[in-house]
Amino acid sequence: VQLQASGGGLVQAGGSLRLSCTASRTIFSNSAMGWYRQAPGKQRELVAIITSGGSTNFADSVKGRFTISRDNTKNTVFLQMNTLKPEDTAVYYCYARGLLPYWGQGTQVTVSS
């Protein structure tokens, strides 16, 4: 497993969760790292991404609520999700964009109303 994600779970609306994704050093140091999500019946969509230089981009639906960061000493990217809404419910996938794309296993995030 080259990308190992963790941190999903069940939370009430308004709550917070933090997702983590650890990659091999080779992948992490040469890749933009990000998170996608896929809700039932919907296409997979980009949630947030951070380049190796620290530039970030977010989906409009999560701006102001989610932050993404990377710890280069631990080869880990984090997605801090605050003020969660039921519509954030989805399977979240870690993603590495380098010379090749890599996907982690999904982690379920469920937000109850």
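Each residue takes its place number in the sequence, starting with 1. Note that the structure is predicted; figures quoted are calculated from it, not measured.
Qualifying side-chain contact (heavy atoms from CB on, under 4.5 Å) partners for Glu45, counting only residues two or more places apart in sequence or in other chains: Arg37. For Glu87, there are no salt bridge (charged side-chain N to carboxylate O under 4.0 Å, His left out) partners at least two apart in sequence or on another chain. Applying the salt bridge (charged side-chain N to carboxylate O under 4.0 Å, His left out) rule to Arg65 yields the partners Asp88; only residues at least two apart in sequence or on another chain are considered. Here Thr110 pairs with Leu10, Thr89, Gln108 under the side-chain contact (heavy atoms from CB on, under 4.5 Å) rule; sequence neighbours left out.
Between Gln12 and Val111, the closest side-chain pair of non-hydrogen atoms is not below 4.5 Å. Residues Tyr102 and Arg97 are not in side-chain contact: their nearest non-hydrogen atoms beyond the backbone lie 4.5 Å or more apart. Proximity of Val91 to Thr107: side-chain heavy atoms (C-beta onward) are nowhere separated by under 4.5 Å. Between Gln80 and Asn82, some side-chain heavy-atom pair lies under the 4.5 Å cut-off. Contact check for Met33 versus Leu3: side-chain heavy atoms found under the 4.5 Å cut-off.
In this structure, Ile50 CD1 and Ser55 OG are separated by 8.0 Å, a value rounded to the nearest 0.5 Å. Here CD1 of Ile49 is found 10.5 Å from OG1 of Thr56. Values are rounded to the nearest 0.5 Å. Note that the CG atom of Leu84 and the OG atom of Ser16 stand 6.0 Å from one another [nearest 0.5 Å]. Between the OH atom in Tyr93 and the CD atom in Gln105 there is a gap of 9.5 Å [rounded to 0.5 Å]. Rounding to the nearest 0.5 Å gives a distance of 4.5 Å between CG of Leu17 and CE of Met81. With rounding to the nearest 0.5 Å, the separation of CD1 in Ile68 from CG in Asn57 is 9.5 Å.
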Item to check | Residues Asn30, Ser52; criterion side-chain contact (heavy atoms from CB on, under 4.5 Å); working and verdict | outcome: CA-CA 7 Å; Asn30 293 288; Ser52 57; over 6 Å; no
Checklist entry - Hey, mind stepping through Val109 and Leu19 against side-chain contact (heavy atoms from CB on, under 4.5 Å) and telling me if it holds? => result CA-CA 9 Å; Val109 171; Leu19 305 183; 4.1 Å; yes
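Of the possible donor and acceptor atoms, none in the side chain of Thr22 sits under 3.5 Å from a partner among the backbone N and O of Gln4. Remark: side-chain polar atoms of Ser31 are paired, donor with acceptor, to backbone N or O of Ile27 under 3.5 angstrom.
Linking ILVMFWY residues whenever their side-chain heavy atoms come closer than 4.5 Å, directly or via other members, places Val62 and Val11 in the same cluster.
Sorted by first and then second residue, the salt bridge (charged side-chain N to carboxylate O under 4.0 Å, His left out) pairs involving residues 52-62 (not counting sequence neighbours) are Asp60-Lys63. Within the structure, ring-ring contact (aromatic ring centres under 6.0 Å, His included) pairs that include any residue of residues 32-78 comprise Tyr36-Tyr95, Tyr36-Trp103 (at least two apart or interchain).
Of all heavy-atom pairs between Ala13 and Pro86, the closest is CB-CD, 4.1 Å. Minimum heavy-atom separation, Val77 to Cys94: CG1-SG, 4.2 Å.
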